[in-house]
Protein chains: 2
Amino acid sequence: MRILLIEDDRVIGTAVREQIEADGHSVDWAMRLDTAADALAGAKFDLLLLDLMLPDGRGIPFLKSLRAKGSTTPVIILTALDQISDRIEGLNAGADDYLVKPFDLAELSARIGSVARRYAGNPNPVLSLGDLTIDQAARRVEREGKAVALTAREWVLFEAFLQNPAQLLSKAKLEERLYSYDAEIESNTIEVHISRLRKKLGADVITTERGMGYRLGRS
Amino acid sequence: MRILLIEDDRVIGTAVREQIEADGHSVDWAMRLDTAADALAGAKFDLLLLDLMLPDGRGIPFLKSLRAKGSTTPVIILTALDQISDRIEGLNAGADDYLVKPFDLAELSARIGSVARRYAGNPNPVLSLGDLTIDQAARRVEREGKAVALTAREWVLFEAFLQNPAQLLSKAKLEERLYSYDAEIESNTIEVHISRLRKKLGADVITTERGMGYRLGRS
DNA sequence: ACAAAGCTGACAGCTTGCTGAACGGTGTGA
DNA sequence: TCACACCGTTCAGCAAGCTGTCAGCTTTGT
């Protein structure tokens, strides 16, 4: 397995690298987000280990933008004990697991193993929704047996509904999901994407609740 | 959320139960594997907290047989520091997370929250009111099991009552809530909205107190 | 029984959302 | 390197349904 380690602390980084290599994986080590981005552009990784505090930015927006671009690479977050909110936000942003520093190296091995296993052999859990079949892990949607191609933004949006079934999601919430932070957007981008999703997936997949937001499901 | 705690140590068990209940979840506590199995047979749980050393057996085989039966209920393992190999085996057996004793109770809350989020089943506290079921976080109301569609204004109004149960709310107070301040409205808007709410939710959801205002609940 | 307070059906205006079209940016293949 | 395809955003005109108003009716308290 090829693993990208993004971590600016030399002591931790060295220990992690040695452990992973001892487990028989290969490691690339980036100490900044920009070099990490370069590495990702240049090669395909099976797993990312992502520290949240880096010299040139925070890990969460990085992860969000990665997911927005359509990456499905599993991510394990490495974080300090006092960053609970970050960890939760990290899981929301699309991380698969997290480890709290200081962590035991055997734990790291176990987590890597279980994430890898989750993505490897076992067939993905498939969701049914009306005439739709959804494989979340593979980012694949079929309608009446035929594959539907969703763009990156469309998928991020749709995924938000899948992960919050029956919840009302305001446009603000959805924007927050599409755009890492900031985003005081005065446009109807969300509406347009919703429109396209409905066109591809069927009109009644997403319900409008006027003045409040959107919800997965009919009526 | 309904949680099954499987733990034979009374001190730890009590602390865990209190923490979880403080977080607003309900807890069933089994001190042996056989009573845990009974509990699982009799009710549906959203999460299992599983100690690995119990008087009538070890937790790992228990977890394995649970998974073999097809259960997908999330499981968090509670384990002592010196049982690293067990923890690794636990993740392999299908656990979702683990905590090392002695653990911080805030850490427990965070892990429960994130596991729950990952499974995103029905994490919201649900309120019952006569034949109504209300999920405030999801902005969802059901009457006799069927979803009721509230408009934005109607929801704001209804929410005011939910957040001030048994309180008398004057029309002025309610107007203030609907319209950001100012609002020198010389009409019966509130009455109209109350009327519409009663039509959708049932006549006795909101009581009129003549000359004073409205109150949640019958008579 | 009377007056005051509250209720509710109808309706028009207006906010909100929908969607086709066009534009600009980015990446891709020849 | 250039042309092309694709994606995301913006805009404008249109459609839909929410919301406030009002009038006439019902209820309540005295």
Side-chain angles (χ1 to χ4, degrees), chain A residues 37-38 40-42 64-71 139 148-161 168-180 182-215 219, chain B residues 139 141 148-160 168-180 182-215 218-219:
Chain A
D38 290 348
L40 284 167
K64 276 191 181 173
S65 78
L66 210 63
R67 291 293 187 233
K69 283 181 206 145
S71 165
R139 303 206 169 191
V148 177
L150 295 186
T151 68
R153 285 283 204 278
E154 285 164 4
W155 176 261
V156 170
L157 205 55
F158 188 42
E159 197 179 34
F161 287 100
L168 183 104
L169 299 175
S170 67
K171 285 186 195 173
K173 261 264 186 294
L174 293 170
E175 269 169 13
E176 196 178 292
R177 185 122 179 173
L178 277 184
Y179 316 98
S180 11
D182 56 345
E184 193 76 26
I185 292 192
E186 282 297 323
S187 88
N188 66 346
T189 315
I190 298 288
E191 291 168 17
V192 173
H193 284 301
I194 293 275
S195 171
R196 287 178 182 158
L197 268 180
R198 292 210 254 238
K199 207 170 189 176
K200 288 184 177 178
L201 304 179
D204 53 1
V205 169
I206 294 163
T207 311
T208 303
E209 309 223 341
R210 203 153 232 266
M212 301 196 290
Y214 299 92
R215 197 191 294 276
S219 88
Chain B
R139 293 208 173 188
V141 184
V148 178
L150 296 186
T151 68
R153 286 284 205 284
E154 285 163 4
W155 176 261
V156 171
L157 204 55
F158 188 42
E159 200 179 31
L168 180 85
L169 299 174
S170 68
K171 287 185 194 173
K173 260 269 186 286
L174 293 171
E175 269 170 13
E176 199 177 291
R177 182 122 181 175
L178 274 186
Y179 315 97
S180 18
D182 55 346
E184 195 74 28
I185 292 193
E186 282 297 322
S187 86
N188 65 345
T189 316
I190 297 292
E191 290 170 18
V192 172
H193 281 300
I194 293 278
S195 168
R196 289 174 181 157
L197 267 181
R198 292 211 257 238
K199 203 171 188 177
K200 288 185 177 178
L201 304 179
D204 53 1
V205 169
I206 294 163
T207 312
T208 304
E209 309 228 338
R210 205 151 225 266
M212 321 214 31
Y214 298 91
R215 192 192 297 276
R218 26 190 72 68
S219 77

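Every chain is numbered from 1, with letters handed out A, B, ... down the list of sequences.
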With a cut-off of less than 4.0 Å, is there a side-chain N or O of [X] near OP1 or OP2 of [N]?
X: B/K171; N: C/dG6; value: yes
X: B/K199; N: C/dC7; value: no
X: B/S187; N: D/dT21; value: yes
X: A/T151; N: D/dC6; value: no
X: B/Y179; N: D/dT19; value: no
X: B/T208; N: C/dA5; value: no
X: A/Y214; N: C/dC18; value: yes

Starting at atom [atom1] of [X], determine the distance to atom [atom2] of [N], rounded to an integer number of angstrom.
X: A/N188; N: C/dG20; atom1: CG; atom2: P; result: 13 Å
X: B/E154; N: C/dT8; atom1: CD; atom2: P; result: 13 Å
X: B/H193; N: C/dT8; atom1: NE2; atom2: C1'; result: 13 Å
X: B/K200; N: D/dC18; atom1: NZ; atom2: P; result: 7 Å
X: B/E175; N: D/dT19; atom1: CD; atom2: P; result: 15 Å
X: B/E191; N: C/dT8; atom1: CD; atom2: P; result: 10 Å
X: A/R198; N: C/dC18; atom1: CZ; atom2: P; result: 5 Å
X: A/I190; N: D/dT9; atom1: CD1; atom2: P; result: 8 Å

Legend entry - No-H, no-angle donor-acceptor pair, B/R196 side chain to D/dG20 base, under 3.5 Å: yes
Inset, instruction - Please determine if A/E154 and A/K200 form a salt bridge, counting it only when a charged side-chain N lies under 4.0 Å from a carboxylate O. - result: yes
Legend entry - Cationic N near anionic O, under 4.0 Å, A/K171 to A/E191: yes
Legend entry - Listed nucleotide nearest any side-chain atom of B/V192, set C/dT8, C/dC18, D/dC18: C/dT8
Legend entry - Among D/dC11, D/dT28, D/dG20, the nucleotide that comes nearest once only the side chain of B/R210 is considered: D/dT28
Legend entry - Flag side-chain contact, heavy atom, 4.5 Å: A/L197 against A/V205: no
Inset, instruction - Answer yes or no: is there a side-chain heavy-atom contact under 4.5 Å between A/E209 and A/L168? - result: yes
Inset, instruction - On DNA chain C, check which nucleotide each of B/G213 and A/S195 is closest to and give me the residue with the more 5' one. - result: B/G213
Inset, instruction - Indicate whether any N or O donor in one side chain lies under 3.5 Å from an N or O acceptor in the other, for B/T208 and B/R198. - result: yes
